[in-house]
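Here the structure comes first, spelled out in structure tokens, and everything after it is commentary.
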Amino acid sequence: MLTLKYIQENAELIIERLKVKNFDASAIVQQINEENNKRKETQLQVDALKAEMNKLSKEIGMLFKDKKIDEANAAKSKTAELKDEIKALDTSFAEIDSKLNALLVQIPNVPHELVPFGKTEDDNVEIKSGGSMPTLYEGNQPHWELIQKYDIIDFELGTKLTGAGFPVYKGKGAKLQRALISFFLDEAENAGYNEIMPPILVNEDSGFGTGQLPDKEGMMYHATVDNLYLVPTAEVPVTNIYRDVILNEDQLPVKNMAYTPCFRREAGSWGAHVRGLNRLHQFDKVEIVQIAHPDKSYEILDEMVAHVESIINKLKLPYRIVRLCGGDTSFTSAMTYDFEVYSAAQERWLEVSSVSNFETYQANRLKCRYKGKDMKKPELAHTLNGSALALPRILAALLENNQTPDGIRIPEVLVPYCRFDTIK
RNA sequence: GGAGAGUUGCCGGAGUGGUCGAACGGGGCAGUCUCGAAAACUGUUGUACUUUCGAGUACCGGGGGUUCGAAUCCCUCACUCUCCGCCA
């Protein structure tokens, strides 16, 4: 969420910029100002009363010490009224405070000035493309047919064991998953990221810290007996490592990566565009996460984009990078780049990575701060994350784009990991 | 799952009803000394909100309660440790 201070100092700018996200913030900003004024007023009163109470209590203590019991008891009787007043004001302060908080979490992150206006993905701006389009042979097939043909991924078996959207990877399909995960982790390691293997169940506080809770509760699987949530992305546990942490300025940037399975309930529709591997309830992903100095975060965003691009290049997939328009940029993000790879048999672009700078928006919820030598107070850090990469759609594109009448060719970089070069 | 003991600042650790945001030790930072360093000595060292910029308020695992007054007493939840049980 945005900080109160920032909202107060930049109300006009926020309202103007959020139009890019098609969000009218004017009413909420006004309500926030009103609540905040009430809050200040109440705090002023309650603090004064408490100060008086503290003073009285000390005096009573002294009187008892001096054995002036009667005087002490007289003073005691005076406190009752004060106590009631304090209690009442404390209650209304808490109410105002939670109202204010509820308002604050409703304002999306302010988009960066480069984020274009727009409502849907059609308004995203392509900033780069690369790789060469494959020309497939006559009779090529989409991946959902290929996986059956070579018996490497079994959706029906997954349905038997769990339900729709939980595929079973078999034989070379399973090995290919393992190979991709190892390859992605090694690439991230070479780029200076520290490997983390986090829990894949998280508590409520963590869900709140990265913004999945309270609003997007429906996206996560909930283990209700223990009140834990299955992670929708490694971003949640890995970013929450820094919840309530004050880092030293010289520790920045913190570069972590993690492989986890990801679980998404995805209540949305199921149709032609979400066939096969295009949308799953459980999938694998390697995530890169950075905690950055505010002055460096956009430089770092570019670095992260370059990292993802290098991986896709090594896999020799045709891709394009788009800067998301306001309408497509998520609630919490200030700027997001999406990577799409071309799926030749489906003849469409598949989103395989999303790299975002959240600036201080997540950090404010997390209370993730840094402090430098010459700083009086800690400041909020910037958080960034990106998929590097999500497996299923990469796999779909690899299978489709590399199919030949004699089988599916494995990209060279993966062969040492797979220890086979063709799926026949 | 059963029984018991705990949770205090950057770390260790004292504090069982009042002057405690908290002894003492370590660490960090600044200074003295030194060509420099070490040692020694001196000082300093949490976060948040409010502020008429003097200060005020809150925080000793979380929440609630008792009391004029709670780190300290009570309730509750979470976590940690020890023993028993179970177990990859």
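For clarity, every value in this text was computed on a predicted model and none was experimentally measured. In what follows, every chain begins at residue 1, and chains take the letters A, B, ... in the order their sequences are listed. Worth knowing before you read on, the calculation uses all heavy atoms, side chains too, and leaves out hydrogens, waters and symmetry mates.
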Once you round it to whole Å, what is the distance between [atom2] of [N] and [atom1] of [X]?
{"X": "A/D84", "N": "B/C68", "atom1": "CG", "atom2": "P", "result": "12 Å"}
{"X": "A/R243", "N": "B/G62", "atom1": "CZ", "atom2": "C1'", "result": "13 Å"}
{"X": "A/L49", "N": "B/C68", "atom1": "CG", "atom2": "C1'", "result": "15 Å"}
{"X": "A/D244", "N": "B/G62", "atom1": "CG", "atom2": "P", "result": "11 Å"}
{"X": "A/D226", "N": "B/A78", "atom1": "CG", "atom2": "P", "result": "10 Å"}
{"X": "A/K38", "N": "B/U50", "atom1": "NZ", "atom2": "C1'", "result": "18 Å"}
{"X": "A/E59", "N": "B/C68", "atom1": "CD", "atom2": "C1'", "result": "11 Å"}

According to the Watson-Crick and G-U wobble definitions, with both distances under 3.5 Å, which nucleotide is paired to [N]?
{"N": "B/G1", "answer": "B/C84"}
{"N": "B/C41", "answer": "B/G31"}
{"N": "B/G9", "answer": "none"}

Problem set entry | Under 3.5 Å side-chain donor-acceptor pair for A/E400 and A/Q346 | yes
Exercise. Without hydrogens or angle criteria, can the side chains of A/Y6 and A/N364 be said to hold a donor-acceptor pair below 3.5 Å?
Worked result: no
For the [atom1] atoms, the ones on [N] and on [M], what distance do you get once it is rounded to whole angstrom?
{"N": "B/G12", "M": "B/U67", "atom1": "P", "value": "36 Å"}
{"N": "B/C74", "M": "B/U66", "atom1": "P", "value": "15 Å"}
{"N": "B/C41", "M": "B/G4", "atom1": "P", "value": "48 Å"}
{"N": "B/A48", "M": "B/G28", "atom1": "P", "value": "24 Å"}
{"N": "B/G9", "M": "B/G61", "atom1": "P", "value": "8 Å"}
{"N": "B/G21", "M": "B/A70", "atom1": "P", "value": "11 Å"}
{"N": "B/A23", "M": "B/G15", "atom1": "P", "value": "14 Å"}
{"N": "B/G64", "M": "B/G85", "atom1": "P", "value": "40 Å"}

Nearest of [options] to any side-chain atom of [X]?
{"X": "A/K377", "options": "B/U57, B/C49, B/U47", "answer": "B/C49"}
{"X": "A/P378", "options": "B/U47, B/C49, B/G18", "answer": "B/U47"}
{"X": "A/R39", "options": "B/G18, B/U67, B/C49", "answer": "B/C49"}
{"X": "A/A51", "options": "B/U57, B/G69, B/U50", "answer": "B/U57"}
{"X": "A/Q43", "options": "B/G69, B/G18, B/U50", "answer": "B/U50"}
{"X": "A/D47", "options": "B/G56, B/A48, B/C68", "answer": "B/G56"}

Problem set entry | Toward the 5' end of RNA chain B, by each residue's nearest nucleotide, A/K58 or A/M53 | A/K58
Problem set entry | 5' precedence on RNA chain B between A/L56 and A/K50 (nearest-nucleotide basis) | A/K50
Between [N] and [X], is there an OP1 or OP2 to side-chain N/O distance shorter than 4.0 Å?
{"X": "A/K371", "N": "B/U47", "result": "yes"}
{"X": "A/K76", "N": "B/U67", "result": "no"}
{"X": "A/R369", "N": "B/U47", "result": "no"}

Exercise. Considering residues, nucleotides and ligands other than A/M197, do more than 12 of their heavy atoms fall under 6.0 Å from its CE?
Worked result: no
Classify [X] by what it touches in the nucleic acid, base, sugar-phosphate, or nothing, heavy-atom distance under 4.0 Å.
{"X": "A/N54", "value": "sugar-phosphate"}
{"X": "A/T79", "value": "sugar-phosphate"}
{"X": "A/L44", "value": "sugar-phosphate"}

For this session: Could you tell me whether A/Y370 and A/H293 have their ring centroids closer than 6.0 angstrom?
Result: yes
For this session: Just say parallel, tilted or perpendicular for the rings of A/H112 and A/Y298, cut-offs at 30° and 60°.
Result: tilted
Exercise. What class does the angle between the rings of A/F263 and A/Y221 fall in, given that below 30° is parallel, 30 to 60° is tilted and above 60° is perpendicular?
Worked result: perpendicular
Exercise. Cationic tip of A/K172 within the cone over A/F420's six-membered ring, i.e. under 6.0 Å and within 45° of the normal?
Worked result: yes
